[in-house]
J.: 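Please see the structure below; I have some questions.
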Amino acid sequence: MPPELQAFISIGSNIAPTQNIICSLEMLQTMPQTRLKRRSSWYRTRPWGIENQAEFINLVVEVETALDPETLLEHTQTIEQRLNRHRTVRNGPRTIDLDLLLHGDRVLTLPHLTLPHPGLHQRDFMLIPLLEIAPEAHHPTLGPLQALRDAVSYRQIIERIPRPETDGLAEPA
């Protein structure tokens, strides 16, 4: 098996968010060669892009994985499909949205995947939960993410909220 590395995935939903987030967390745990390590608090956020829709719930998880970025993306897109994600309206309502934020220190630009995620350092609903679980995290080209916190362009976080008493998971190691 290839060596494992650290990756971060953003999770968001504004259609039955509690149910869909819990299901996505359970499915993330079943991915091959991947182990869920940590998850952030849950955050209630304003919609981004299209404002006339329900608020979102967002969080970030850290995984250790031996999967390459494209294979990890395939698995997260399969989870989205299983949870009836339909990409009909860009930035519109969704059952689940799983975005690969960082994959080790990989820098990658493909038609279907850009690493690091281009919005990571601009959107608080990605950056703040990531820094909560990995305050030492670095952007491969911009440096320490902590230093970018005050320069966030899009501030959507309304509040940090308690996650459900049971989100279907034991506490990650």
J.: So do the side chains of Thr78 and Thr76 get within less than 4.5 Å of each other, counting heavy atoms only?
T.: no
J.: Please report the shortest heavy-atom distance between Asn20 and Ile15, naming the atom on each side.
T.: ND2-O, 2.6 Å
J.: So which heavy atom on Ile21 is nearest to which on Ser24, and how close?
T.: O-OG, 2.8 Å
J.: Do you see a donor-acceptor pair shorter than 3.5 Å between the side chains of Glu64 and Gln6?
T.: no
J.: So which atom in Leu148 and which in His121 form the shortest heavy-atom distance, rounded to 0.1 Å?
T.: CD1-CB, 3.8 Å
J.: What's the separation between atom CZ in Arg123 and atom CG in Leu130, rounded to the nearest 0.5 Å?
T.: 14.0 Å
J.: With a 4.5 Å cut-off on side-chain heavy-atom distances among I, L, V, M, F, W and Y, is there a chain of contacts connecting Leu101 to Ile133?
T.: yes
J.: How many angstroms lie between CH2 in Trp42 and OG in Ser13, if you round to the nearest 0.5 Å?
T.: 9.0 Å
J.: Is any side-chain heavy atom of His138 closer than 4.5 Å to a side-chain heavy atom of Leu145?
T.: no
J.: Just wondering, do Glu4 and Gln33 contact through their side chains at under 4.5 Å, heavy atoms?
T.: no
J.: Is there a side-chain contact between Arg35 and Val63 (heavy atoms, below 4.5 Å)?
T.: no
J.: So with a 6.0 Å cut-off around CZ of Arg155, is the heavy-atom count from everything else above 12?
T.: yes
J.: Taking all non-hydrogen atoms of both residues into account, name the closest pair between Phe56 and Gly12 and its distance.
T.: CD2-C, 4.3 Å
J.: Does a donor on one side chain and an acceptor on the other come within less than 3.5 Å for Thr45 and Asn58?
T.: yes
J.: Taking all non-hydrogen atoms of both residues into account, name the closest pair between Leu100 and Pro69 and its distance.
T.: CD2-O, 3.9 Å
J.: Considering only heavy atoms from C-beta outward, does the side chain of Gln146 approach that of Leu131 to under 4.5 Å?
T.: yes
J.: Less than 4.5 Å apart, any side-chain heavy atom of His103 and any of Thr65?
T.: yes
J.: Start with the C-alpha gap between Val60 and Arg39, add the side-chain angles, then the distance that decides, and say whether side chain to side chain contact (heavy atoms under 4.5 Å, CB included) holds.
T.: CA-CA 6 Å; Val60 170; Arg39 63 187 177 285; over 6 Å; no
J.: Any non-hydrogen side-chain atom of Leu110 less than 4.5 Å from a side-chain atom of Leu108?
T.: yes
J.: Nearest 0.5 Å, please: how far is CE in Met31 from CG in Leu67?
T.: 6.5 Å
J.: Within a strict 4.5 Å, meaning less than it, do heavy atoms of the Glu132 and Tyr43 side chains meet?
T.: yes
J.: Nearest 0.5 angstrom please: Ile161 CD1 to Thr18 OG1, how far?
T.: 7.0 Å
J.: How far apart are the C-alpha atoms of Glu51 and Arg46, what are their side-chain angles, what is the distance that settles it, and do they pass the side chain to side chain contact (heavy atoms under 4.5 Å, CB included) test?
T.: CA-CA 7 Å; Glu51 295 178 10; Arg46 290 179 196 81; over 6 Å; no
J.: So, the side chain of Thr34 versus the backbone of Pro32: is there a donor-acceptor pair under 3.5 Å, distance only?
T.: yes
J.: Compare every heavy atom of Ile96 with every heavy atom of Glu80, then report the nearest pair and how far apart it is.
T.: CA-CG2, 3.6 Å
J.: Any chance you could measure Met27, atom CE, to Leu83, atom CG, to the nearest 0.5 Å?
T.: 3.5 Å
J.: Take Val107 and Leu115 through the side chain to side chain contact (heavy atoms under 4.5 Å, CB included) test and state the conclusion after the steps.
T.: CA-CA 5 Å; Val107 176; Leu115 286 172; over 6 Å; no
J.: Looking only at the side chains, is there a donor atom on one of Asn14 and Glu55 sitting less than 3.5 Å from an acceptor on the other?
T.: no
J.: At what distance, to the nearest 0.5 angstrom, does CG of Asp124 lie from CD of Gln122?
T.: 12.0 Å
J.: Please tell me whether Leu127 and Leu142 are part of a single hydrophobic cluster in this structure, the criterion being side-chain heavy atoms less than 4.5 Å apart.
T.: yes
J.: Report yes or no: do Ser41 and Arg160 form a side-chain donor-acceptor pair below 3.5 Å?
T.: yes
J.: Run the numbers on Ile9 and Asp99 for side chain to side chain contact (heavy atoms under 4.5 Å, CB included), then give the verdict.
T.: CA-CA 5 Å; Ile9 301 168; Asp99 287 327; 6.0 Å; no
